[in-house]
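First listed ligand is number 1; within each ligand, the first listed atom is number 1.
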Amino acid sequence: MRSFAGRDILSLKDFEREEYFEIFAVADRLRPFAAERRNGDLLKHKTLLTAFYQPSTRTRLATEAAMHRLGGHVLGFSDAKMTRAGDFYQESMKDTVHMLEYYGDVIAMRHFSEGAPAEAARFASVPVINCGDGWGEHPTQVLTDLYTVWQDKGRLDGLTFVLVGDMRMRTMHSILRAFSRFDVKAYVVSPPEMSLLPEFKAELDEVSVQYSEIETVEKCIGDADVVYMEPVVQPDYTKSRVEATAERGLTPPAYRVTKELLASKAKSDSIVLHSLPRMDELPPEVDSTRHARYWVEAFNGVTMRMALLSLVLGALD
Ligand code: CP
């Protein structure tokens with residue numbers, strides 16, 4: 001198995017099956033720090049640089065919290081407009097990264113352009129972690145999500161997932177790529193204008209991912225071990241920032257998971273994940289059902305980033 005030390009985390013396309021379990025084991029090992037709200041010193045000589053060109057609540061703060069939990073240092077920006085890449089100069093990725101690599105030992109980057117973290121990785125002498133790139137991928141989120149499922153179900157093989165939401169979404173790309181390594185079945189539910197793109201479907205077929213497209217969540221939720229959600233009312237992820245408008249619209253019933261739907265159709269032990277933020281596709285009433293796992297998923301976001309930072313910085317293997 002390849003070592004994670006010094007490695008970029010850009011896509012789940014190139015992850016081997018055993019690497020998921022290796023990361024999960026490291027996450028289990030580090031979990032007590034987050035669970036007991038204490039900070040250790042594993043990365044006390046290391047610095048994380050967060051370069052966020054697009055808004056984030058969870059990913060940036062969970063990654064920074066993870067570094068603090070490991071005793072490391074953190075610096076960065078969460079609004080590129082306040083850097084030279086976002087003002088008059090429009091400083092190139094190459095020049096920006098040549099600066100950032102002097103300031104930190106690992107770079108966690110979110111960007112509105114698909115492929116931007118991969119471009120950064122070509123120029124950086126330190127590992128780059130993709131924290132979401134346009135519609136591209138969101139590998140650290142999906143590692144968190146699969147870890148949450150694995151903890152809950154004790155396995156990934158043999159499970160049926162219902163993926164519901166905008167299939168152009170970066171999490172959907174990452175999770176479907178991850179499925180190529182496991183014996184899982186997926187039902188994919190999205191509005192037609194947000195369905196999987198033909199070239200992505202060809203890629204999934206190439207690696208034998210088992211999925212079928214279904215019109216409504218109601219038609220397939222009864223088979224689901226895991227319901228994995230994203231909004232269909234959401235911004236354009238290729239923009240650096242999209243302001244809220246009065247006419248954001250409502251989610252059609254075909255793409256909503258309600259308390260009533262879960263009670264009437266879902267398996268008793270099925271779980272619901274949502275990387276958040278949510279709109280009306282997942283009403284707050286679901287939070288109090290036995291199916292809700294998205295708060296555990298959010299907590300696991302810290303643990304997973306602890307595991308990834310420790311691995312790429314070579315502190316654990
Ligand atoms: N799940 C997720 O990526 O959330 P943020 O956009 O808040 O980071």
*Asks:* Is the distance between the ring centroids of F77 and Y53 under 6.0 Å?
*Replies:*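 When the ring centroids of Y53 and F77 are compared, they turn out to be within the sub-6.0 Å range.
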
*Asks:* Which protein heavy atom lies closest to atom 4 (O) of ligand 1, and at what distance to 0.1 Å?
*Replies:*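 Sorting protein heavy atoms by distance from atom 4 (O) of ligand 1 puts R58 NE, 3.0 Å first.
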
*Asks:* For the residue pair P139 and S11, what are the closest heavy atoms and their distance?
*Replies:*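 Heavy atoms only, the tightest pair is CG-N, 4.2 Å.
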
*Asks:* Measuring centre to centre across the rings, with the benzene-like ring taken for any Trp, is F15 within less than 6.0 Å of Y20?
*Replies:*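 Ring centres of Y20 and F15 closer than 6.0 Å.
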
*Asks:* For Q141, counting its heavy atoms only, list the atoms of ligand 1 lying under 4.0 Å from any of them.
*Replies:*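 Those of ligand 1 that fall under 4.0 Å from Q141 are 1 (N), 2 (C).
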
*Asks:* Considering only heavy atoms of S275, which atoms of ligand 1 have at least one such atom less than 4.0 Å away?
*Replies:*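 By the 4.0 Å cutoff, the relevant atoms are 1 (N).
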
*Asks:* For M229, which of V286, T171, V272 qualifies under side-chain contact (heavy atoms from CB on, under 4.5 Å)?
*Replies:*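 Of the listed residues V286, T171, V272, the side-chain contact (heavy atoms from CB on, under 4.5 Å) partner of M229 is V272.
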
*Asks:* May I ask you to list the atoms of ligand 1 that are less than 4.0 angstrom from any heavy atom of T57?
*Replies:*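 Those of ligand 1 that fall under 4.0 Å from T57 are 5 (P), 7 (O), 8 (O).
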
*Asks:* Taking 4.0 Å as the limit for heavy-atom contacts, which would you say applies to L276 with ligand 1: side chain only, backbone only, both, or neither?
*Replies:*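 Answer for L276: backbone.
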
*Asks:* Could you establish whether R110 and ligand 1 come within less than 4.0 Å of each other, counting only heavy atoms on the residue side?
*Replies:*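 Yes, R110 has a heavy atom closer than 4.0 Å to ligand 1.
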
*Asks:* Short N/O distance, under 3.5 Å, between R60 and ligand 1?
*Replies:*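 No, R60 has no N/O under 3.5 Å of an N/O on ligand 1.
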
*Asks:* Per the side-chain contact (heavy atoms from CB on, under 4.5 Å) rule, which among L309, L308, V302 passes with M306?
*Replies:*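 For M306, the side-chain contact (heavy atoms from CB on, under 4.5 Å) check succeeds only for V302.
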
*Asks:* Does either side chain, that of D133 or that of Q54, offer a donor lying less than 3.5 Å from an acceptor on the other one?
*Replies:*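 Looking only at side-chain atoms, Q54 and D133 do not form any donor-acceptor pair under 3.5 Å.
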
